[in-house]
Amino acid sequence: MIDRRQLILASGSALLLSGCDRLNGNPAFRQVLRSAEGLTMRAQRLVTDRTALAREYSEADMSPIFRSNGTRLPDTPDYARHLAERFTNYRLRVDGLVTKPLSLSLEQIRALPVRTQVTRHDCVEGWSAIGKWHGVPLGLLLKGAGLSSRARFVVFHCMDRLGGRPYYESIDLVDAFHPQTILAWGMNNRALEVPHGAPLRLRVERQLGYKHAKFVERIEAVESLAGIHGGRGGYWEDSGDYEWYAGI
Amino acid sequence: MNDPHPIAPADKRVVVQRHRLSTRLWHWLSALAVFVMLMSGMMIFNAHPRLYWGQYGANFDPAWLELPQFPGWATIPSSYDLAGARRWHLAFAWVLGASLVAYLLWSLLNGHLRRDIVPRGEELRPRHLWQDLKDHARLRFPTGADAVRYNTLQKLSYFAVILVLLPLLILSGLAMSPAMDAAWPWLLDLFMGRQSARSVHFICAALIAGFIVVHLTAVLLSGPVNEIRSMITGRFRLPRERAR
């Protein structure tokens, strides 16, 4: 009797699970699940002031050790050369739908107005770390480059590769011009270290960690994300079906 | 739950309309959503199976709980897929949240909450609670007209799930969202940090899982066909009076 009950339970749960896995792989069902992303973004934007700030913490709240993840050391020859030259020949390009494309050295970027913020980094995996970031507001660079009114997204092209493909990320203009959205060249009162994305990484404080592109070398203003790599707006969005809107 | 309206008094046992449509709809929507949320939630937890108290918490920080990963038969999807699990979790969160809000509003307006869920003063007296506990321990389920009303432990457990655990799950879930924390900073204050909210989220989910085990056991022991039918069609056959 118990054996039979267990058998029924086991086969029942196996059926249920294989059903869930089949649904998980079904493109139409997947599209239904995906529609929640747009709903979440619109609902969150509805209740959130465009410029609502992520909480800024005191230095006493900072993580004793801020772990790194993703690429810890880009393995391309170009990056090795930049590292050996201490990024003296590194240039950040700002182009795409702008009237005055920029090419800035690290020295020039560090001379721009600085925003320092102690914020929490939330990884999609579930952990959080609090650190202090020093950088230039992205909005300043975009204004300096003369952003076109056609631009709707800002794409960050990175120097690291994962699985042979370049890392990249993108955000829309609401987040691009948010006061806490900075390109950080410093962390915890020091120059940004390699595992955290030296020489320059994005901080977009109202979204999850994978949006915070590291090793940024080019910022491109675009009208549409279609046609850029996999077309979904980011490395993890293309390769793992992670949400492009990572505010939750 | 309505007052008993006998439908077939000629039969030896009375059939009453037990659960109204709003309750039945909400029950099954929530049952589906809660199962999906629990199973996809375990997959999300597998991505970092450690829990912390406070604002931050990662691998180098002390965890108050560290578990092995949940096995594939318990998770959605069944093999490691954080992105997929998040798609399921965050889509069904809308189902769970929207149906709970609609049910709560409706039940507040039609008096279901006040009449059937919130225990009355006399029911919370120790003597009454003790009697209720003894009846449960002996598996003496209410009979006759008493079976139409929820007993006190039942009321207390439904109260805890509907008005404490589910709201806490939703709020602690929102407190894990960096955008919601910017919009509603009180979420962080309420739980005293994002990692505390993640811990509360996990504890409440575990309590919901425990509730489901007890709930299903009670359904099985008290006449599963009658109980399940009453939650589908609303019609409930009153159990025969027991010789006292």
Side-chain angles (χ1 to χ4, degrees), chain A residues 10 13-14 16-18 20-21 23-25 30 32-37 39-41 43-45 47-49 52-55 57 61-67 69 120-131 178 180 204-208 236-237 239-243 245-248, chain B residues 35-36 39-40 44-52 54-63 72-79 81-95 97-98 173-174 176-185 187-189 193-195 197-198 201-202:
Chain A
S13 77
L16 193 75
L17 267 178
S18 68
C20 286
D21 279 345
L23 277 176
N24 191 54
R30 194 71 178 205
V32 174
L33 289 185
R34 274 206 201 103
S35 62
E37 180 186 348
L39 183 60
T40 301
M41 183 174 107
Q44 288 198 341
R45 291 269 169 93
V47 300
T48 315
D49 194 310
L53 297 181
R55 172 153 297 179
Y57 296 86
D61 297 321
M62 281 166 45
S63 297
I65 301 175
F66 196 122
R67 65 160 285 188
N69 70 325
R120 199 186 64 231
H121 182 87
D122 298 327
C123 179
V124 66
E125 292 172 351
W127 52 268
S128 307
I130 297 178
H178 184 263
Q180 285 171 324
V204 48
E205 303 293 356
R206 297 185 299 184
Q207 297 208 40
L208 296 176
W236 289 111
E237 291 87 329
S239 60
D241 197 25
Y242 282 88
E243 293 94 349
Y245 177 69
I248 189 162
Chain B
F35 265 95
V36 170
M39 295 173 80
S40 57
I44 294 172
F45 182 81
N46 278 353
H48 190 78
R50 293 160 58 87
L51 293 172
Y52 314 88
Q55 305 284 347
Y56 64 79
N59 304 55
F60 296 107
D61 305 309
W73 58 260
T75 61
I76 296 178
S78 60
S79 51
D81 179 2
L82 173 59
R86 278 172 54 83
R87 293 278 182 197
W88 283 80
H89 204 76
L90 300 177
F92 278 86
W94 280 103
V95 177
L174 289 175
M176 283 189 270
S177 149
M180 289 313 298
D181 286 345
W184 297 346
L187 284 170
L188 286 172
D189 300 327
R194 180 184 192 249
Q195 288 302 319
R198 186 166 173 263
H201 199 71
F202 184 87

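In what follows, every chain begins at residue 1, and chains take the letters A, B, ... in the order their sequences are listed. Model, not experiment: these values are computed from the prediction. Excluded from the calculations below are hydrogen atoms, water molecules and symmetry mates; all remaining heavy atoms, backbone and side chain alike, are included.
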* Structure fact -> Checked B:T75, B:I76, B:N59 vs chain A; the most non-hydrogen pairs under 4.5 Å come from B:N59
* Check whether A:V32 gets within reach of chain B through its side chain, its backbone, both or neither, counting any heavy atom under 4.5 Å. => neither
* **Point-to-point distance, once rounded to the nearest 0.5 Å, from CG of A:D61 to OH of B:Y56** => 8.0 Å
* **Side chain / backbone / both / neither for A:L53 at chain B, heavy atoms under 4.5 Å** => backbone
* Before accepting this row, confirm whether a basic side-chain N of the pair B:D181/B:R194 lies closer than 4.0 Å to the acidic partner's carboxylate O. => no
* **Top of A:N24, A:T48, A:L208 for chain B proximity - count of heavy-atom pairs under 4.5 angstrom** => A:N24
* Sort out for me which of A:D49, A:V47, A:L23 touches chain B most, counting heavy-atom pairs under 4.5 Å. => A:V47
* Asked: Do other residues, nucleotides or ligands put more than 12 heavy atoms under 6.0 Å from the CH2 atom of B:W184?
  -> no
* Structure fact -> The interface call for A:Y57 against chain B, heavy-atom contacts under 4.5 Å, is side chain
* Asked: Measuring heavy-atom distances to chain B, does A:R45 have an atom under 4.5 Å in its side chain, in its backbone, in both, or in neither?
  -> neither
* To do: Heavy atoms only, distances under 4.5 angstrom: which of B:A83, B:G84, B:G173 has the most pairs with chain A? Name it, please.
  => B:A83
* What closest approach, in Å, do B:P178 and A:G247 show between heavy atoms, and which atom pair accounts for it? -> CD-O, 3.3 Å
* **Partners passing side chain to side chain contact (heavy atoms under 4.5 Å, CB included) against B:V95 (at least two apart in sequence or in another chain)** => B:L29, B:A33, B:F92
* Which atoms of A:R55 approach chain B - backbone, side chain, both or neither, heavy atom under 4.5 Å -> side chain
* Structure fact -> Among A:H121, A:E243, A:M62, the residue with the most heavy-atom pairs under 4.5 Å to chain B is A:E243
* **B:N46 versus chain A, the contacting section by heavy-atom distance below 4.5 Å** => neither
* To do: May I ask you to decide if the ring planes of A:Y242 and A:W236 are parallel, tilted or perpendicular, using 30° and 60° as cut-offs?
  => perpendicular
* Just give me the residue among B:D81, B:L188, B:L51 that pairs up with chain A most often, heavy atom to heavy atom, under 4.5 Å. => B:L188
* Asked: Does any heavy atom of chain A fall under 4.5 Å from the side chain of B:W94, the backbone, both, or neither of them?
  -> side chain
* Among A:S63, A:A54, A:A129, single out the residue with the greatest number of heavy-atom pairs under 4.5 Å to chain B. => A:S63
* Structure fact -> Interatomic distance, CD@B:Q55 vs CD1@A:I130, rounded to 0.5 Å, equals 5.5 Å
* Name the region of B:L82, side chain, backbone, both or neither, that has any atom closer than 4.5 Å to a heavy atom of chain A. => both
* **side chain to side chain contact (heavy atoms under 4.5 Å, CB included) partners of A:D21, counting only residues at least two apart** => B:P77, B:S78
* Among A:E37, A:Q44, A:E205, A:R120, single out the residue with the greatest number of heavy-atom pairs under 4.5 Å to chain B. => A:R120
* To do: Quickly, which of B:R86, B:R87, B:H89 forms a side-chain hydrogen bond (donor to acceptor under 3.5 Å, both in side chains) with B:S40? Name it, please.
  => B:H89
* Structure fact -> Between the OG atom in B:S177 and the CD atom in A:Q207, the distance rounded to the nearest 0.5 Å is 9.5 Å
